Peer 1: 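Before I ask anything, here is the structure I am working with.
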Amino acid sequence: MASNPSNLWVLLGLGLAGIFLFTKKFKKVLREDFGAFILKLQLLPPPQPAPPKAPHPLTGLTFAVSDLFEIEGYVTGFGHPDWAKTHEAASQTSAVVSTLVEGGATCVGKTVVDELAYSITGENKHYGTPTNPVEPARVPGGSSSGAAVAVAANLVDFSLGELLIIFLATLVISGVEFRNF
């Protein structure tokens, strides 16, 4: 049956069609920011102190925050547009974000988290899944996938994600004071 020339052409056509569909499905369109950001913004640090005082320790560094941290005037959506639509903009900026900005770093945006920061793959059906800059065919992993991708793609120097929140909550429960944090 396979020796019939018309059957060979059909098998060849089906094979090529399968390869085409397979590669199309797994080929991602790479965005300039690798899909890491939900929102781009700039929280600029205060002016440098006059000499002889030392400059701010984080001067020149940029960072991003997961869509879990509040920034005054912006809605924190926890990776879900319906949550963002039904909640008000933050009335103040998260203490850790404010501390970093006051220390001289510039916040450049909010990054993608998976829906309500509730999975380990980093996939978000609403905002898209950030592209792993090292292995584009693989998921970026973790609920703070946008923050990880932003750092891995050298879009920012560092970022804040969900693990930081868990770490800080653990310290608070343990009774650690945050005077110099």
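If you're wondering where the values come from, they're calculated on a predicted model, not measured in any experiment. All residue numbers refer to positions in the sequence shown, counting from 1.
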Peer 1: List the steps, then state whether side-chain contact (heavy atoms from CB on, under 4.5 Å) holds for Asp67 with Thr111.
Peer 2: CA-CA 6 Å; Asp67 191 25; Thr111 59; over 6 Å; no
Peer 1: Restricting to side-chain contact (heavy atoms from CB on, under 4.5 Å), what partner residues turn up for Pro46, sequence neighbours left out?
Peer 2: His56
Peer 1: When you compare the side chain of Val139 with that of Ser145, does any pair of heavy atoms fall below 4.5 Å?
Peer 2: no
Peer 1: Test of understanding: with side chain to side chain donor-acceptor pair (under 3.5 Å), list the residues that count as partners of His80, not counting sequence neighbours.
Peer 2: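 Residues passing side chain to side chain donor-acceptor pair (under 3.5 Å) with His80: Glu115, His126.
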Peer 1: Taking C-beta and beyond as the side chain, do Pro81 and Tyr127 meet within less than 4.5 Å on heavy atoms?
Peer 2: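 Yes, side chains in contact.
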Peer 1: Report yes if the side chains of Phe34 and Pro133 come closer than 4.5 Å at any heavy-atom pair, otherwise no.
Peer 2: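 In contact.
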Peer 1: Which heavy atom of Gly122 sits nearest to which heavy atom of Asp114, and what is that distance?
Peer 2: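 Answer, listing the atom of Gly122 first, then Asp114: N-OD2, 3.9 Å.
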Peer 1: Would you mind telling me which of Val113, Val112, Ile38 makes a side chain to side chain contact (heavy atoms under 4.5 Å, CB included) with Ser66?
Peer 2: Val113
Peer 1: Going by atom type alone, with no hydrogens or angles, which donor-acceptor pairs under 3.5 Å involve a side-chain atom of residues 70-79 and a protein atom two or more places apart or on another chain?
Peer 2:
residue	atom	partner	partner atom	Å
Thr76	OG1	Phe69	O	3.4
Thr76	OG1	Lys110	NZ	3.0

Peer 1: Go through it in stages, so that I can follow the logic: the residues are Val108 and Phe37, the test is side-chain contact (heavy atoms from CB on, under 4.5 Å), and I'd like the CA-CA distance, side-chain angles, deciding distance and then a yes or no.
Peer 2: CA-CA 9 Å; Val108 297; Phe37 290 92; 4.2 Å; yes
Peer 1: Closest approach of Trp83 and His87, non-hydrogen atoms and distance?
Peer 2: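 For Trp83 and His87, the tightest heavy-atom pair comes out as O-ND1, 2.7 Å.
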Peer 1: Looking at CG of Leu100 and OG1 of Thr93, how far apart are the two atoms once the value is rounded to the nearest 0.5 Å?
Peer 2: 11.5 Å
Peer 1: Ignoring hydrogens and angles, tell me if any N or O in the side chain of Thr129 forms a donor-acceptor pair with the backbone of Asn124 under 3.5 Å.
Peer 2: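 Judged by distance alone, yes, a pair lies under 3.5 Å.
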Peer 1: Anything under 3.5 Å between a donor and an acceptor, one on a side chain of residues 146-159, the other on a protein residue two or more places apart or in another chain? List them.
Peer 2:
residue	atom	partner	partner atom	Å
Asp157	OD2	Thr62	N	2.8
Asp157	OD2	Thr62	OG1	3.4
Ser159	OG	Ala147	O	2.9

Peer 1: Do you know which two heavy atoms are closest between Thr86 and Asp82, and how far apart they sit?
Peer 2: OG1-O, 3.0 Å
Peer 1: Quick check: closest heavy atoms across Gly104 and Pro45, and the distance to 0.1 Å?
Peer 2: O-CG, 3.3 Å
Peer 1: What distance do Glu102 atom CD and Leu43 atom CG have between them, rounded to the nearest 0.5 Å?
Peer 2: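 Going from the CD atom of Glu102 to the CG atom of Leu43 covers 11.0 Å.
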Peer 1: Could you tell me which residues satisfy side chain to side chain donor-acceptor pair (under 3.5 Å) with Thr59, sequence neighbours excluded, listed by chain and number?
Peer 2: Gln48
Peer 1: Just grab all the ring-ring contact (aromatic ring centres under 6.0 Å, His included) pairs involving residues 137-157, residues at least two apart or on different chains.
Peer 2: none
Peer 1: Considering only heavy atoms from C-beta outward, does the side chain of Val96 approach that of Leu160 to under 4.5 Å?
Peer 2: yes
Peer 1: Keeping Ser144 on the side-chain end and Gly161 on the backbone end, is there a donor-acceptor pair under 3.5 Å?
Peer 2: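 No, the answer is negative, given that no donor and acceptor are paired below the 3.5 Å cut-off.
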